[in-house]
Amino acid sequence: MATITSPVKAESRDLNFYYSSGHKALKGISMALYEKRITALIGPSGCGKSTFLRCFNRMHDLYPGNKYDGQIVMHPDNTNILDSGVDPIEVRMRISMVFQKPNPFPKSIYENVAYGLRVRGERNKRVVDDKVEEALKGAALWDEVKNRLHDLAFNLSGGQQQRLCIARALATDPEIMLFDEPTSALDPIATASIEELMSELRNKLTILVVTHNMQQAARVSDYTAYMYLGELIEYDDTDKIFTNPGRKETEDYITGKFG
Amino acid sequence: MATITSPVKAESRDLNFYYSSGHKALKGISMALYEKRITALIGPSGCGKSTFLRCFNRMHDLYPGNKYDGQIVMHPDNTNILDSGVDPIEVRMRISMVFQKPNPFPKSIYENVAYGLRVRGERNKRVVDDKVEEALKGAALWDEVKNRLHDLAFNLSGGQQQRLCIARALATDPEIMLFDEPTSALDPIATASIEELMSELRNKLTILVVTHNMQQAARVSDYTAYMYLGELIEYDDTDKIFTNPGRKETEDYITGKFG
Amino acid sequence: DAAANKNDIIRIDGSSTVYPITEAVAEEFQKAKRIKVTVGISGTGGGFKKFCRGETDISEASRPILAKEMEACKAAGIEFIELPVAYDALTVVINPKNTFIKSFTVEELKKLWEPEAQGTIKTWKQVNPSWPDTPVKLFGAGSDSGTFDYFTEAIVGKAKSSRGDFTASEDDNVLVQGVASDIAATGYFGYAYYEENSSRVKAVPIVAKAGAPGVLPSRETVMNGTYQPLSRPLFIYVSANAAKSNPNVKAFIDFYLANSKELVEEVKYVALPANEYAAVNDHWKSQKVGTGFNGEPEVGVKITDLLKRIK
Amino acid sequence: MTTQASVLANLAEVRAMIRKHKRNDFIFSIIGLLALMLGLLTLFTLFIDLVATGYPRFSLDFLTNYPSRKAAHAGLLSAWVGSLLVMLVTFISAVPMGVAAGVYLEEYAPKNWFSDLIEINVTNLAGVPSIVYGLLALGLFVYGLGFGESILTAGLTLGLLILPIVIVNTRESIRGIPIAIREAAYAVGATKWQVVFHHVLHYASGGILTGVIIGMARAIGETAPIITIGALTFIAFLPPSPVSDVAPFINVEWLSSGFTVLPIQMFNWLSRPDHAFHINAAATGALIIVVTLLMNATAIWLRYRIRKNIKW
Amino acid sequence: MASQVLQKPAEPTISARLAKNVRRHVLERVIEFILMLAALSAVATTISIVVILLYESFTFFEHVSLWDFLTDTQWTPLFENAHYGILPLVSGTLTTSAIALAVAIPLGTIGAIYLSEFASHRTREIVKPILELLIGVPTVVFGYFALLFVTPLLQRIFPELPGFNMLGPGIVMGIMIIPYISSMAEDAMRSVPMSMREGSYAMGATRFQTAIRVVAPAAISGIIAAYILGISRAVGETMVVALAAGQQPNLTFNPMESAATITAYIVQVAMGDLPHGSVGYQSIFAAGLVLMLMTLTFNIIGHITRKKFRETY
Ligand SMILES: Nc1ncnc2c1ncn2[C@@H]1O[C@H](COP(=O)(O)OP(=O)(O)OP(=O)(O)O)[C@@H](O)[C@H]1O
Ligand SMILES: Nc1ncnc2c1ncn2[C@@H]1O[C@H](COP(=O)(O)OP(=O)(O)OP(=O)(O)O)[C@@H](O)[C@H]1O
Ligand SMILES: [Mg+2]
Ligand SMILES: [Mg+2]
Ligand SMILES: O=P([O-])([O-])[O-]
């Protein structure tokens, strides 16, 4: 792994995850996310990509009976965010997420972006205004919506909605951002704009992205992890994974022989 | 087409079909089913395979506003089963169907198989018993269920349920049997048993099968039709279609270049 | 065999005041004779309406039949036998916490209840200047009830002539409940309902004429004629046709008269004195139809006189 | 742009804020639980109150005695028999009709203005106050058709009242049956009616039964429409028996009989001057609650079981 | 392939077992027709209600001018000095309903939010059926409770409160309606897609914030539909007010006073005899017509709102 020059931002250590059904969806996954790098997760449907990603902001806590086993440690503070003493809300404030299908709230564009601030109790209108503008600019949406900030978010196109969701996630200055197949519901043009945006965000924060689309992983990510049946098969530089994978299974998957 | 040695059992003549939405799902399809042969329908999703198949037992009549245009003529009696004077129930008594997802009734195994006889007003218990046994044997299920005929059909495994549905369809001695992706909900072992079963049934009746799985088409069918966007692109011996298709589109599809 | 079915059951309806008596008789009668009896509560007026439509065999009344009702009966070819069965003291009550009212004069009651009072008389002070300026709440019998007719006749001077803005109910317990739970309230209903609830409502002495003493309702004051003008006889009206043709009805009335003294007292009304019962019995035996009244409620008649008036 | 120091400083701040917000969560869940419990608490208080008042009457005699002027001897015999007979009429009039209507709407009705019309009617009827059904009964059954104040009138009135409940529940349980089951039946040559009768009705029967029980529980407690048709009477006898000992063993005389039902008897006793009757009323109230709760509980249990058992 | 020559049989042979085709066909039609008649019973019921209310009201309005009916401030149709102003009944109806809703809307909403967003799956499974049980309790029992339990209790707090008043029954009605509103509002909130909640939680929101800021606004039209149908219930409720609110038509909006509602008037009159054809008899139909119009309006608005909401998700 030649290009690893960046410090570790977070790492999972021997992580197992069990759904309430008893299904063991993650099997001893240990892997690190590097600061200000994009890490892509690939693998066939049902291999546990989303499950793994959602451990990072403890989304699984919303559904009773799910069980984590192992650690996800965040740096520099060395907090194990899966620790039962750590409040999932705290985790989610540090690590934000963008979902597969754009899911804006049934509110105005402005209020969607401001939501995270409101949740944090921010009341100062100036501060909120500034942050909203900054986030919308960061999500490359500002120019398109600056004159209609108080329109309902549902009136935006799918791609715009997804960028709005990114702005919403950005507005609270997260340290890590999770993307779960962020473009699978979008058309190619919208997809391109989201990919471009991710590349820009890379300057500010650490990104973990699940994708079905291998070309996408190759295009946007610095590192790629290949998962299969809940296990991490291979994790390396994206270039290496796509040109010279270390494992036969990875190669089969990449070349379309399997999956 | 060297192997055509069998008489025509049914043929569609310039068949168009319109869904109530106005969508023209079949465009001038003319093709014949040969007696005691298996014909497979392949084509990309949404090309009209199921629509065509379901014309044969007038399933579309169940939903108001659908419109047939053209003929499907059955031999030897030369009845146009799409004729408005022909009772769809009569058609369904001659042509039975097995669905994509096993759909047994929530009744006992015995009652599931006997249902077609009951509908025909058969009250003689001896006759029904015999027919049920025969059908279950024909569907290669008898040995597995003979000691639990009065168990709920839902307690069977998926593959058994699908074979039960085949037995149900067999019990009434149909002339043609339609299969709409009969194995797509099943695991490989169950799939193999259904395929084997189809090959055996070929001795008794005419079969039309829709499948997504090209290997399956190649394995089980005598003839294969390739459909695309509601049109019949090519129809020929299965061997020919898979080794030496006459049309470029078919070849692209078969080799996975498209679809 | 609808007719047989009709004869099977004795149908009674009418006054809620008389209801307790008839109910008691009906209960004992059914035990003794196994003949079915239904007793409804529609109020005297309501009862007569059904009676004159031929829907009932016997109608209970807390006032005599009115001219209008007689016409209706006549039109339907229904003749009746009028039988007084008890006396009642129509009781005016107030909330026990009300301390300023010691008695009501007829004048005061009239001022409170007459139609002109509707929407205007709203405080006690407006009735009697010596009473406080606090609101009045009124609870009275519903317009279909004989009690209402009798009270308006006796107090206002014209039957059915009353203000309409009060809580009117055929259900006397609503009235008891209303007065018992509202310090501003006054109301009126039959004596039996007062007797049963004397701990919850307070009866007010009635001053018949200016200067006369206030008289409380009681068995004695009714019998000695001092509780005026609110003493009244209670009646049952028997369909003459049913009395003739339906042995069950005849048996029922025989039973009624034979047992009424005991049962009337049991349900807290004032039984007729022996001589009056004898007169009523004779009247029943003679099966004389018609009424002793001329179609108007009359205040303060004696029953023996009354029966003599029926030719 | 998070340096190590800023991350850590931020963290402390964030933790304090979360603690504050979580307190809101906690307070709200207490309030929420209390809000829900209020209804329950009321019912509980009410029931305890009724039982505490009415318990001296809890005996078999109370169920086998006729009403009486003596409170301690008065019983519910004519009332519960009346309720039973009225419910019988209600059942016969509402259930087949409601189920048939539900089947028609789900399985037969073409999706056009006509089915919309029926649909709108059903939803509306479900919201019509029960007293209005009383008025309908008064105008139509009592006077219009001359049924009088009879068991027939009361039963039909309550039948109409619960008709929308039966229809709606029938439709809902039919809707739960997957289309694949119907197609399977059609595919072996069943006619529409065979599909409905052999499959749809059969598999929906649990859900339909649930609706019927809920409807009947509602009908058993209805008072206002019964009062409106004028059934507030002293009845100390039973209507003629619906079955007779001579052929054809069915007797319809009882339909035209006068009657009383449980809630009316309770209402009647409540309007007695003598407080001893209020004990009877309370005992009756407790009985009505137990009966309706039992019926509703059965329905809920049934629904729960169906949901658990049938997984399409 | 289709070029193959087909031998033409003499005539199409339809198998013997299908000979009863025609009979089956007719039978199917007959059954469908019978089922349709059953479905039409709903329409017939509505028509009967409307016709009867309109017919009797029509004769009522031959005696009484519509203007008086709508503007007179007194309602004393059964007395000598008869007034036919519906306003006192409407004021009673609205006041009791308003009290009921003042109780039921906040508590019902809070309960719904709790059930949908806070309660564990198990709690919900237990609490919801119990709430449904509450809906099944006969109202006459609640009337008794309002009169003999709640009002005396209230009189300890407000000694001036008369035994018949609108406050007690209003509150009891409110409690009766809580389960109705909370269960319907909960349904509405449940149908807000999980992705919306996940979006909020992913931003670090607490349950309360998610419930109040995202789920409730998203379900707002469904929740409003629950309120409106709750209003319709309150307006149509009969026995509680008939027993406990007093039966005196009283043009007041003061909950501490007694009053009659439209429903209470109807049962009260119905308890006496109703001579067919009298103005008194007709007056209950006129009152019923007003009641029907009120509840119909609420029902229609409620159902439209609910339908709209259902279409959103
Ligand atoms: N809520 C759940 N309860 C139980 N098992 C679940 C649940 N969600 C997912 N699974 C199972 O866990 C495994 C991993 O699922 P996951 O959604 O993480 O896959 P994935 O790699 O994201 O697939 P996809 O690419 O289709 O989104 C699968 O076998 C899936 O069936
Ligand atoms: N009920 C319907 N109403 C309107 N259009 C329909 C309906 N069902 C199918 N279609 C359309 O008709 C076309 C053919 O559909 P059909 O289901 O026959 O495709 P298919 O080849 O069987 O696809 P698949 O392999 O996905 O089952 C599609 O475009 C589909 O969208
Ligand atoms: Mg996934
Ligand atoms: Mg298909
Ligand atoms: O019920 P009444 O005695 O007042 O007619």
Side-chain angles (χ1 to χ4, degrees), chain A residues 20 50 53-54 56-65 87-108 111-121 135 152-154 161-162 164-174 176-180 185, chain E residues 109 112-128 185-227 305-313:
Chain A
S20 54
S50 301
L53 185 91
R54 290 159 67 90
F56 275 80
N57 66 347
R58 291 185 56 181
M59 266 292 136
H60 298 298
D61 288 37
L62 298 181
Y63 308 91
D87 195 315
I89 293 176
E90 174 191 326
V91 176
R92 294 179 198 137
M93 286 187 171
R94 300 179 66 184
I95 304 181
S96 61
M97 174 155 175
V98 174
F99 297 80
Q100 178 168 8
K101 253 189 73 195
N103 59 350
F105 304 131
K107 296 174 184 279
S108 70
E111 279 304 327
N112 261 283
V113 182
Y115 186 77
L117 304 166
R118 303 248 186 259
V119 159
R120 280 159 180 73
L152 206 60
F154 286 175
Q161 287 190 14
Q162 194 62 301
L164 180 68
C165 292
I166 295 175
R168 182 173 73 186
L170 272 180
T172 53
D173 297 322
I176 302 179
M177 209 144 149
L178 311 169
F179 289 84
D180 191 356
Chain E
T109 313
I113 292 177
Y114 172 78
L115 269 188
S116 149
E117 305 300 314
F118 285 76
S120 68
H121 180 74
R122 259 193 57 176
T123 315
R124 187 161 51 238
E125 287 294 295
I126 295 170
V127 173
K128 271 208 101 174
E186 197 249 5
D187 283 346
M189 286 194 277
R190 284 270 102 199
S191 49
V192 171
M194 202 58 206
S195 68
M196 204 81 92
R197 279 183 199 92
E198 288 193 349
S200 172
Y201 283 119
M203 300 299 302
T206 60
R207 276 180 193 279
F208 186 67
Q209 288 167 328
T210 304
I212 297 293
R213 289 169 179 272
V214 174
V215 180
I220 193 71
S221 54
I223 296 173
I224 287 176
Y227 294 166
T305 329
R306 199 143 86 129
K307 210 165 167 186
K308 271 222 181 98
F309 170 73
R310 289 207 171 141
E311 278 161 9
T312 326
Y313 296 110

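Every chain is numbered from 1, with letters handed out A, B, ... down the list of sequences.
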Item checked: Proximity breakdown for A:K101 and chain E, heavy-atom pairs closer than 4.5 Å -> neither

Note to self: With a 4.5 angstrom heavy-atom cut-off, is it the side chain or the backbone of A:F105 that approaches chain E, or both, or neither?
What the structure shows: both

Notebook entry, point to check: Do E:I223 and E:M189 pass the side-chain contact (heavy atoms from CB on, under 4.5 Å) test, and can you show the C-alpha distance, the side-chain angles, and the key distance before you say yes or no?
Noted result: CA-CA 8 Å; E:I223 296 173; E:M189 286 194 277; 4.1 Å; yes

Notebook entry, point to check: Considering only heavy atoms, which portion of A:P88 lies under 4.5 Å from any heavy atom of chain E: side chain, backbone, both, or neither?
Noted result: neither

Note to self: With a 4.5 angstrom heavy-atom cut-off, is it the side chain or the backbone of A:F56 that approaches chain E, or both, or neither?
What the structure shows: neither

Item checked: Most contacts with chain E, counted as non-hydrogen pairs under 4.5 angstrom, among A:D61, A:L62, A:I95, A:N57 -> A:L62

Checklist line | Heavy-atom contact with chain A under 4.5 Å, split by part of E:S120 | finding: neither

Check: Relative to chain E, which segment of A:R54 carries a heavy atom at a distance below 4.5 Å: side chain, backbone, both, or neither?
Finding: side chain

Next item on the list: Using the salt bridge (charged side-chain N to carboxylate O under 4.0 Å, His left out) rule, pick out the option among E:R306, E:R124, E:K128 that qualifies with E:D187.
Entry: E:K128

Next item on the list: Might you work through the side-chain contact (heavy atoms from CB on, under 4.5 Å) test for A:T172 and A:M93, ending with a clear yes or no?
Entry: CA-CA 7 Å; A:T172 53; A:M93 286 187 171; over 6 Å; no

Note to self: So which atom in E:E186 and which in E:L115 form the shortest heavy-atom distance, rounded to 0.1 Å?
What the structure shows: CG-CB, 3.8 Å

Note to self: So for E:R213, is it side chain, backbone, both, or neither that comes closer than 4.5 Å to the heavy atoms of chain A?
What the structure shows: both

Item checked: Residue, of A:R58, A:R168, A:R120, A:E111, that accumulates the most heavy atom pairs under 4.5 Å with chain E -> A:R168

Notebook entry, point to check: Would you call E:R197 and E:E117 a salt bridge, using N to O less than 4.0 angstrom?
Noted result: yes

Check: What part of A:L178 is in contact with chain E, defined as an atom under 4.5 angstrom from a non-hydrogen atom: side chain, backbone, both or neither?
Finding: neither

Check: Should E:M203 and E:V214 count as side-chain neighbours, where that means a heavy-atom distance under 4.5 Å?
Finding: no

Margin query: For E:Y114 and E:T123: C-alpha separation, side-chain torsions, deciding distance, then whether side-chain hydrogen bond (donor to acceptor under 3.5 Å, both in side chains) applies.
Written below: CA-CA 10 Å; E:Y114 172 78; E:T123 315; 5.0 Å; no

